Structure formats: C-alpha cells, structure tokens
Amino acid sequence: MIKKRTLITSALPYANGFIHLGHVAGAYLPADIYARFQRLSAEETLYICGSDEHGVAITIAAEKEKVTPKDIIDKYHEANKAAFDKLGITFNKYSRTSIPEHRDTAREFFGDFLKKGFLNEKEEEQFYDEKAKMFLPDRYVEGICPNCGADGARGDQCDACGAYYDQTELKDPKSLVSGDTPIAKKTTHWYLKFGEFQKFLEKYIESNDPEWKDNVLQQSRSWLKLGLTERAITRDLTWGIDLKGIEGIDDKKAEGKALYVWFDAVLGYISATKELMKEYEKAGKAAPEDWKNKWWQNDDTRYLAFIGKDNIVFHTLIFPAMLHGKGENYILPTNVPANEFLNLEGRKFSKSKNWSIDLQDFFNDFPDKFSVDALRYAIATNFPETKDADFTWKDYQARNNNELAAIFGNFVNRSMQFTHKNFDGKIPELSGKYKDIDAKWADLAEFVKNNPDAVINKEDFGIFNDSDLLAIRSLVAGIDLVSNHYNRFRFRDAITETMNIARAANKYFNDEQPWKTAKNDPEGCAKTLYICAQLVRSLAVVFAPIVPNACALINDYLGIKQSLGEVDINADLIDTWASAALPILKQGAEIKKPAILFHKVEDETVTAQTEKLGEKQAAAEAEKEELITFDEFMKVKLRTAKIIEAEKLKKSKKLLKLQVDLGGEKRQILAGVAEFYKPEDLVGKIIVVVANLQPAKIMGTESQGMMLAASTDDGKLCFVTPEKSDIGAGAEVR
RNA sequence: GCCGGAGUAGCUCAGUUGGUUAGAGCAUCGGAAUCAUAAUCCGAGUGUCGGGAGUUCAAAUCUCUCCUCCGGUACCA
C-alpha cells in the first residue's frame, strides 16, 4: 500500500548518560539515513525523538552526582541533543518527556484506559521500609519461604523450591535497603489488562507485510505464545508523571504514584509531535491538530519505529496495544526495523567499565565535519542488521581510506582537478554531435530504468560509446538498486551499492583516458569530463543520506543550491532522487577549485585511539578502588581451611558445595568455581576462606563463608592457597 | 539451569521459500594505467558453511544431538 507520508521515530534515549556509538548504530543513524532518503525522494517526512526523563534510574543518578533530578535530565538532554546535531541526525524534533504536553498526553491515555476498563486497580499489601520511606519491590525483600522454609527467599518466588507466593507471606521479612523489618502497608497500583489485546496483537503481527525483520517477528511471536499477562503501569515513585487529578482516581490512592516509564516513554513520540506541530503552526506550515489529523491518526501515514533489539516488544506489542486501546484511529507501526547491538573492538559497550566511545569523545578528537561523515559511513557499512556487529578503529580507518577517500573522494577530486587544468574550471561545453547529449542521456536513462536487463542497441543512442553507455547504465541501475535496498531497510547493501556507483565512475574515467584524449580528441575529452561532472553531482545525491557534509560541499563546488535531505520546513518537496541519474549541470558553468574531502586516517591515530580505550577503562577501574582503613581490613577474618568434601550443587552451573575443615571447626561453603574445578580436584586442598562472613542461603543451601579466588576480566579463575601446605587448616591469614 | 540470538574465505559480513560450480568488501598476489589523496581499473587464489547423525534425488538452509560464543534471567557468599 502506498502511503502519502512517513513518520519516523527512534527510541527515546534515557537521560542519565551520554550517547555512544552503540546507540547510534542501533536506532539513530539508520533512521536518519532513511529519513534523509525519504526527504530526497520528496516524501513528506517527520523524524521524531527526544529524551526519556522519568524513572528511578534518574533519581539514582541524581543522588550519585549529588544534584537534583532536574539537573541530571537537563545535563544529558542538552548534551545528547548537541551530540546528535553534530552527528548530523536530522530530527524534525528532539523533544523531552518533561514537557507539559507530554504529561497531558500520558495522563490522557491513562485516564482513557481507566474509563474503558483496560486497567485493573489492585489494592495490595506490600512491604514498606519505614526507614528508607519506600515501598519495597520484590527483589528488595527477603525472608523465610512460606512453602519450604528455606531462608533467603526473595520477593514473590522462592529460589529453593520454586514456589510463587505473595510477598507479604514471607516469614521474617527483611528489607535489603535498610536491613530493618518492613511493615506491610496497603498500596494501590494499576495494571494494564494486556491479555485483552492478545487476539488483536496476534492478528496485527501476522498481518504485517513480509518486510518485517525476522528477529522482530520471532520475538513478538514468542511473547504472544507465552500469553500476555497484566502488567503494572504505575509505581511508587516521585519522579515521573503523577496521577493526581485524573478522573476516576482517588487522590489519596494516587499519592506518591507515578506512571511506570514504559507506559510513559513511548507516548513521548506523540507529545513530541504535538510540540513540533505547534511550532510549525506558528510558522504557518501546519494546520491546527495536524499532529493527529495529518500524522498520528491518518491512514495515509506510514509509521516506522527504529529501535535496538532490547526494545522490540515495546514497539510491536505494548505500544500498538496502547494505540489501539486508545482508539481514535491512531495508526500502528507499519514496520519496526530493529537492529541488534554493536560491539566495540570485540567487546560489549559498557558504561560501568568505561568501555565505550561516546559521541563527545569522538567529536573532541575529530572535530572536522568529514571525520563525522567517515564515522557515519564506518558505522553504517557495518550496521548490526542481522546479528551483533563490531566497531573497530582499524575498520574505521580502512573504510575511510580505502573506500571514502580512495573511491568516492578520489573520483570527485580527479574529475574536478582535471576540469580545472584542461577546461578552465568550467563544465565543458559540447558541440557537434554531442549537442543533444542531455536529451539522449535522458532517453537512455529512461530505457535502462524500464529495461534493466536488456541489451542496449547502440544505434539508438549513437552519440555514446561503450564506456559512456556503461557509465550511465551503471548509474541508473545502481541508483535503482540503492532505492530498493533502502525500501527494504537493507542499509548495508544500499551503501555497498552506493559505493559501487562511485566505482563505476572511476572505471569510466579510466576507460576513457581523458588525459590522452585531451591531446588528440578534445571533443571527446570534453564529453568525458562533462559526463564526469554530472556523475559527481549524481554521487552527491546518492551519498547524501550517508555522508551529508561531504555532499553539501560538493554541491557548493558545483554551484548547486539544492536540499540534500536536511530538515527545512520552508523548502518545497523536490524529488531530487528521481533525477539523480540525469544531467542537470549547465555547460560552461564555473565550478570551484576543490579541496580534499576525506583525509587519510594514519596508523598512529588508530593506535592512539585504541590505547585510549584501554586507558579510559583502566582509569574507571582505578576510580572504583576506594581506600579502606586498617581497622576495616582487620574486621575480615581470613583463615586457612582444608577441603574435606566437594560436590556439585544440584541445578547449579557455577556453584560447588564444599565441606571444609577450619581447624577443628567444620563449615559448609558454596563456591562459584564449578566452571573451573571439578569437585574431585579440590578435595584435600588447603584454601583461604573468609571465616566471619554472615551465613547466607543460596538456592536453598546454606553457605557459611567464602572461598578466596583470583579472577580476571577475561574469565580466568584460580583459588588462593598457602605456599606451604603443611601450615594446615585453621591458620590465620593476614 | 531456563529463554532468545549466533558459529560461512586471513578479517568484517551476505546468503531470501532446501535447487546449477557457496558470495561481497577489505587484506594478499599478478597485470594495465599515470588525470587524481601512491588514489584508480582489470584479473587470480582462497572455504570439510562449528562437530556428528538423520530426512531428501538434492542441505549452509529442515530435524535431532553435542560443542563454543553473545545477550537476558536465575545462584558465582
């Protein structure tokens, strides 16, 4: 079905940290490339995003940095907004969920669902920690299992016997937050009756066009197969969308409650659109209520939700259920092109381990615009479309040097240099048999478009020689291929084909040997360079979604004033893409003297960046190491112990159950070393244990100490043992 | 342990519903060329498609099993 316009969203980044390359590869760059492609194709396009600014993680981050939550969200919102801008991500609107429009939108959905009976109000007793002044989520309470009597049972499920029960049935409960005994207190929460949407969602998922990616379909189906159950959409939370004053809600019950972020965040797309449309309205570019009449509630709108794989079901099931439940003709995602994750030099991006390249880091070290292009290109050629992919600095270098600079940049440069040296810096003027070249070119392009595989009858296009024909054919066919790939969200393929167009252009230059014809066939040479100039301009169009800065500069060299897919509400929609394969440069027009577009990335840069990664990580680790006092250290009683018995703990992959002799005293200790030692290897060994550790129950089994072992990040592990084993069991270790 | 994903050329990855000789880019080697950022263009080689078994005329693709890696979750006291 052909839709009239395209609405694009990317998952709202959470405003408690900086955006890194992994985020970029997952949702923002693919969406931007697609948005630019759509705009170039004269498709009316909105690209919407913003900061997700509610939830516990924000308040925790605020406490950590000793500032207010508002400080946190302001800081990261501004920083990320600026970073996206530098990367050339062309949001029509980068909003935030703390704006009043968003509160209104979210509360409207909640109120509506309440009225329609989609919500289940449940009053339950839940443990409340009076010291910490908070209700305790399941994982923050533990006690004795009401079913099997095992100690250390958590929340609503016993790990030992697997029983489910109500939190408050726990015997001898303890708060893991303050350590106090929590009191049972009544609290009200609202649950979305997700199950009521099961049938609808099954139909929705299965009726989607086959272009949906496999990973997206499978994960959605797997959820549906398990059956959708009620999900709480409120939390005991102060930092979020409050519920007071919503019709049908008792203010007392609403006290201290806020919307759970997953219900809140996806609606940010809608409120951001509302906010944007108000701006457009002021500028005279939108009618009142366009946000829904034209966009969110119009069947002619195609909605694409770009996300990372962690967000799939929120956009294929939960958000559609919300939109459907709300009624009013809200449209559902037409497609949800989810990417997998990008790794960094073979390892996962990790904020805590500081294994990351934030956009800020990159811009600091590579401030020029063309490095940004190179980054976009390097990431996009390696998008994690079907499986996790890897970003390496070496790859960045290779992509930049061997492809962007050597193929694309070089063709632009050699064509323009040649034109300056031999044609006085003007698009060559053609005469004689080449007089009607533009018309012939257009005919040829039309023919190739309609008969992609047909043999070209040379007679029909007599003025062109074989390499002319091949060049124009490659251009037309190439652009067509690129479009097809984009339309199927095959970005990597699209980019490969884009680069192939530049390759064909280089081939044309080689085959034509203008440096020779300049001497013996000036007319032919002029034709060659005329075609090359047009090819340069064509390349500027097809490369624009990927490397926009370089393409804008090329346009400037050529004296073309034409939008290349940026956001410009005052510009008319022009189908630049459709005419990308046609000659539009005028003969005799002056072109500027070009500068190098893409500079080589040196080996030293790669080495420096790789080392920097390691240093950052080391620094993060050092920071974590707090110094302790001598007294604190002396609190830990370490003793040698002899392992008497060892066996694998049932149902456990990592734990061994050890019986050790502590010098007269027997202890049972659980040790997470089963992946490294067989039980029989350990019996008789002298080890070091923490003797005065509080006993704890793990998987229903008590552990009365801890065995010391040395372990590395890459997963090696060995236990610690005294140098002389005749020291025996029970010796103090200091 | 459970759930999900993955294992294909030296490297990074494609391989649509099972169907000819398993592909691309980079890297490597050889050649042409010298307008251009020593940049281009042409040509070449390369694989037990993680192991094993099965279904089939036919398996990278389907089934079973095992191994390894990643993510999530559940116990590394």
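These numbers come from a predicted model, not from an experiment. Sequence lines set the chain letters: A, B, ... in the order given, protein chains first and strands last, and positions in each chain run from 1.
Checked against salt bridge (charged side-chain N to carboxylate O under 4.0 Å, His left out), A/E497 has no partners two or more places apart in sequence or in another chain. Residues meeting the ring-ring contact (aromatic ring centres under 6.0 Å, His included) test with A/F341, sequence neighbours left out: none. The side-chain contact (heavy atoms from CB on, under 4.5 Å) search around A/E429 returns A/Q587, not counting sequence neighbours. Scanning for salt bridge (charged side-chain N to carboxylate O under 4.0 Å, His left out) contacts around A/D661 gives an empty result, with sequence neighbours left out. Under the salt bridge (charged side-chain N to carboxylate O under 4.0 Å, His left out) criterion, A/D556 pairs with A/K592, not counting sequence neighbours. Under the salt bridge (charged side-chain N to carboxylate O under 4.0 Å, His left out) criterion, A/K507 pairs with A/D511, sequence neighbours left out.
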Please output the side-chain donor-acceptor pairs of residues 370-377 of chain A that fall under 3.5 Å, not counting sequence neighbours, one pair per line with the distance.
from: A/S371; atom 1: OG; to: A/D368; atom 2: OD1; distance (Å): 2.7
from: A/S371; atom 1: OG; to: A/D368; atom 2: OD2; distance (Å): 3.3
from: A/D373; atom 1: OD1; to: A/N549; atom 2: N; distance (Å): 3.3
from: A/D373; atom 1: OD1; to: A/N549; atom 2: ND2; distance (Å): 3.2
from: A/D373; atom 1: OD2; to: A/N549; atom 2: N; distance (Å): 3.2
from: A/D373; atom 1: OD2; to: A/A550; atom 2: N; distance (Å): 2.7
from: A/R376; atom 1: NE; to: A/I546; atom 2: O; distance (Å): 2.9
from: A/R376; atom 1: NH1; to: A/D32; atom 2: OD2; distance (Å): 3.1
from: A/R376; atom 1: NH1; to: A/L87; atom 2: O; distance (Å): 2.9
from: A/R376; atom 1: NH1; to: A/G88; atom 2: O; distance (Å): 3.0
from: A/R376; atom 1: NH2; to: A/D32; atom 2: OD2; distance (Å): 2.7
from: A/R376; atom 1: NH2; to: A/P545; atom 2: O; distance (Å): 2.9
from: A/Y377; atom 1: OH; to: A/E403; atom 2: OE1; distance (Å): 2.6

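Residue A/F411 is classed as having no contact, given no heavy-atom separation below 4.0 Å to the nucleic acid. Counting any heavy atom pair closer than 4.0 Å across all strands shown, A/A406 reaches sugar-phosphate atoms only and no base atom.
Judged by distance alone, the side chains of A/R503 and A/N500 do bring a donor and an acceptor atom under 3.5 Å apart.
Stem regions annotated for RNA chain B: B:1-7 with B:67-73, B:10-13 with B:23-26, B:28-32 with B:40-44, B:50-54 with B:62-66, counting only runs of 3 or more consecutive pairs of Watson-Crick or G-U type with both contacts under 3.5 Å.
If you check residues 506-518 of chain A against RNA chain B, the residues with a heavy atom closer than 4.0 Å are A/N506, A/K507, A/F509, A/N510, A/W515, A/K516, listed by number. The stretch residues 412-426 of chain A touches RNA chain B through A/N413, A/R414, A/F418, A/K421, each having a heavy atom within less than 4.0 Å of the strand.
The side-chain contact (heavy atoms from CB on, under 4.5 Å) test with A/R414 is passed by exactly one of A/N506, A/T419, A/V536: A/N506.
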**OP:** Can you check each nucleotide of nucleotides 25-31 of chain B against protein heavy atoms at under 4.0 Å and return B for base, S for sugar-phosphate only, - for none, in 5' to 3' order?
**Re:** SSS----
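Between A/F491 and A/F383, the ring planes lie perpendicular to each other; the angle is over 60°, past the 30° to 60° tilted range.
Taking all atoms of both residues into account, the shortest heavy-atom contact from A/S415 to A/C532 is OG-CB, 3.8 Å.
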With 3.5 Å as the limit, what N/O pairs link the protein to nucleotides 4-6 of chain B?
none

